[in-house]
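Right, one structure below, let's go through it.
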Amino acid sequence: MSDKPVRIMNIVGARPNMMKVAPLMAEMKIHREIDPLLVHTGQHYDYSMSQVFFDQLNMPEPNYNLEVGSGTHHSQTAEIIRRFGELVAADRPDMVLVAGDVNSTIACAIVAAKEHIPVVHVEAGLRSFDRSMPEEINRLLTDAISDLLFTTEESGNMNLVKEGIAEEKIHFVGNLMIDSLVGAIDLARQSPLRRELGLTAQGYAVLTLHRPSNVDDPGQLTRTLDAILEVAERLPVLFPCHPRTAARIAQAGIRGLKTWESGPISGNGLWRMAPASYLDFLGLVDQAAFVLTDSGGIQEETTWLGIPCLTYRENTERPVTVTLGTNQLIGSDPERLRKAALAVLDGNADRSGGTRPPLWDGKAASRIVEVLKRYWLDRPLTENHLAQAKL
Ligand code: UD1
C-alpha cells in the first residue's frame with residue numbers, strides 16, 4: 001500500500017455547491033492521508049453568486065477554474081464535460097467528489113466514471129419524483145454512476161436502495177450545508193444588513209424565487225408576484241433576486257416591486273435587492289417572520305433555524321424538512337401562496353418550530369472524511385477501476 005495521500009478533486013460550480021464543499025475542503029486539509037484539490041467549473045461566475053461565498057466560507061482559491069459560464073442546459077453540461085475531460089487527462093485525480101444536483105455535478109461525474117475514477121456524491125438519494133426538474137435528472141444519473149453515496153436524510157437511503165444501489169456504497173452522514181451553517185451562524189447574526197435595513201426581528205419576510213417552473217413562464221411569474229405584493233402590504237418582504245429571475249421580471253415588464261440599494265427600508269412592500277452574501281442572507285433568515293422560497297437548501301437552513309418556511313413548489317426532495325422541520329409545501333398556485341402567507345401572519349399556521357433532523361449537527365464533513373479514508377485504504381481489495389484504467 002502506498003503512503004501517497006489520496007488526491008481528491010472536489011467540484012464546485014453553482015452557488016449551492018459552495019456551502020457543501022467548503023467544510024469538506026477544510027476537513028480534508030487536516031488529514032495528511034488526503035490531498036484535496038478544488039475545481040470550479042465556472043457555472044456561476046458573478047461576484048455575488050460565486051466569489052463572495054469563497055471569501056465568507058474561507059474556501060481556498062480553486063486549483064482549476066474551467067470558466068464555462070452560462071448557456072442552455074445542454075451546451076453548459078457539454079462544455080463542462082469537455083473541459084473537465086481535458087483537465088482529468090492532464091492531471092488525473094484518485095477520486096472526484098461532486099455535490100448536490102446542478103449541471104456541474106452530473107457533468108463531472110460522467111467524466112470521472114468514464115475514466116474509471118471513483119465518483120463520490122455528497123447529498124445523494126434526494127428525489128422529488130418530478131422529472132420535469134433538471135435537477136431530478138442530474139440526481140438520478142449522478143447516483144447511478146457513483147461509487148460512494150453520502151446521504152443527508154433517511155429518505156435518501158430508501159430511495160437509493162429502491163433504485164438498486166448496493167447498500168455498502170451508501171453512507172448516512174448528515175448534512176454538509178448544516179456544517180457550514182453551524183460554523184457561520186454567529187458571524188451571520190452580527191451581519192450589519194438587518195440593522196442597515198432598519199428591520200425588527202420577525203418584522204419582515206424573506207423571498208427567493210428562481211426555479212424555471214416558477215420564473216420562466218411570464219404568466220406564472222406575474223401572478224406569483226401579484227400574490228406576494230398583496231402579502232407585502234402587511235410587512236416588508238425582502239427579495240434577494242437571482243440573476244435569472246431579475247432577467248425574467250424585466251422581460252415580463254412586471255411593475256410594483258420596490259428596489260433596495262442601501263439604507264433603512266421605508267415601509268411595507270416587496271423589496272428587490274441584489275443577491276445577498278451567505279452571511280447577510282443567513283442573518284436575514286434567522287430573524288424573519290417566515291421565508292417563502294422555491295430553493296432546495298433554504299428548506300434545510302430554515303428547518304435548522306426553526307423559522308417557518310413556505311415552499312412554493314409541488315414537491316420537495318427534502319421530505320424530512322416537512323415531517324420533522326418547519327417546512328410547509330404549499331404547491332405553486334399563487335392563491336394558495338397568498339392564503340398560506342396570510343395564515344402565518346395571522347398566527348393561524350403551525351409555528352411549533354419543528355425539530356432538527358438526525359445528524360444535522362455540524363459534523364458531516366468529519367464523518368465523510370473517515371469513510372473516504374477507509375475506502376481508500378481498503379481499495380487494493382477492490383482495484384477494479386485502476387485495472388480497467390490501465391487497459
Ligand atoms: C442553478 C442550478 C439550480 C440551483 C441554482 C442556484 C442547474 C440545473 N441548476 O440554477 O439547481 O438551485 O443554480 O442558483 O444546475 N447567471 C448570472 N450570473 C451567474 C450565474 C448565472 O447572471 O453567476 C444567469 C445567467 O443568465 C444564466 C442564469 O442566471 O443563464 C441561470 O444560471 P444557471 O447556472 O444556468 O442556472 P441557475 O438558474 O442558477
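Just follow the structure's listing: the first ligand is 1, and inside any ligand the first atom is 1.
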- Message: Taking K339 first and then D333, would you say they form a salt bridge - that is, a charged N and a carboxylate O separated by under 4.0 Å?
- Response: no
- One finds that the ligand 1 atoms under 4.0 Å from a non-hydrogen atom of H242 are 14 (O), 29 (O), 37 (P), 38 (O), 39 (O)
- Closest candidate by heavy atom, reference atom 32 (O) of ligand 1, pool M133, H44, H73, E135: H44
- Say whether D46, considering both its backbone and side-chain N or O atoms, lies within less than 3.5 Å of an N or O atom on ligand 1. yes
- Message: Let me confirm one number: the OG1-CG distance from T302 to L292, rounded to the nearest 0.5 Å.
- Response: 11.0 Å
- Are there more than 12 heavy atoms of other residues, nucleotides or ligands under 6.0 Å from atom NZ of K363? no
- Who's closest to atom 22 (O) of ligand 1 heavy-atom-wise, of P243, G71, S48? P243
- Message: Tell me if the aromatic rings of H44 and F53 count as close, with their centers under 6.0 Å from one another.
- Response: no
- Give the single entry among H210, R248, R15 that approaches atom 4 (C) of ligand 1 most closely by any heavy atom. H210
- Task: Start with the C-alpha distance between E135 and R139, add both sets of side-chain angles, then the distance that settles salt bridge (charged side-chain N to carboxylate O under 4.0 Å, His left out), and finish with yes or no.
- Result: CA-CA 6 Å; E135 292 83 359; R139 291 181 199 115; 5.3 Å; no
- How far is atom 2 (C) of ligand 1 from its nearest protein heavy atom, and which residue and atom name does that atom have? V102 CG1, 3.7 Å
- Query: What residue and heavy atom of the protein are closest to atom 38 (O) of ligand 1, and at what distance?
  - Reply: R244 NH1, 3.1 Å
- Query: So is P16 close enough to ligand 1, meaning a heavy atom under 4.0 angstrom away?
  - Reply: yes
- Message: If I compare all heavy atoms of Q299 with all of C309, which pair ends up nearest, and what's the gap?
- Response: CA-SG, 4.2 Å
- Item | Path from Y375 to I8 over hydrophobic side-chain contacts below 4.5 Å | yes
- Message: Tell me the protein heavy atom at minimum distance from atom 17 (C) of ligand 1, and give that distance in Å.
- Response: Y45 OH, 3.3 Å
- Task: Write out the residue and atom name of the closest protein heavy atom to atom 25 (C) of ligand 1, then the distance separating them to 0.1 Å.
- Result: S70 OG, 3.3 Å
- Message: Can you classify the ring geometry of H171 versus F150 as parallel (below 30°), tilted (30 to 60°) or perpendicular (above 60°)?
- Response: tilted
- Query: What atoms of ligand 1 come closer than 4.0 angstrom to any heavy atom of Q76?
  - Reply: 34 (O), 35 (O)
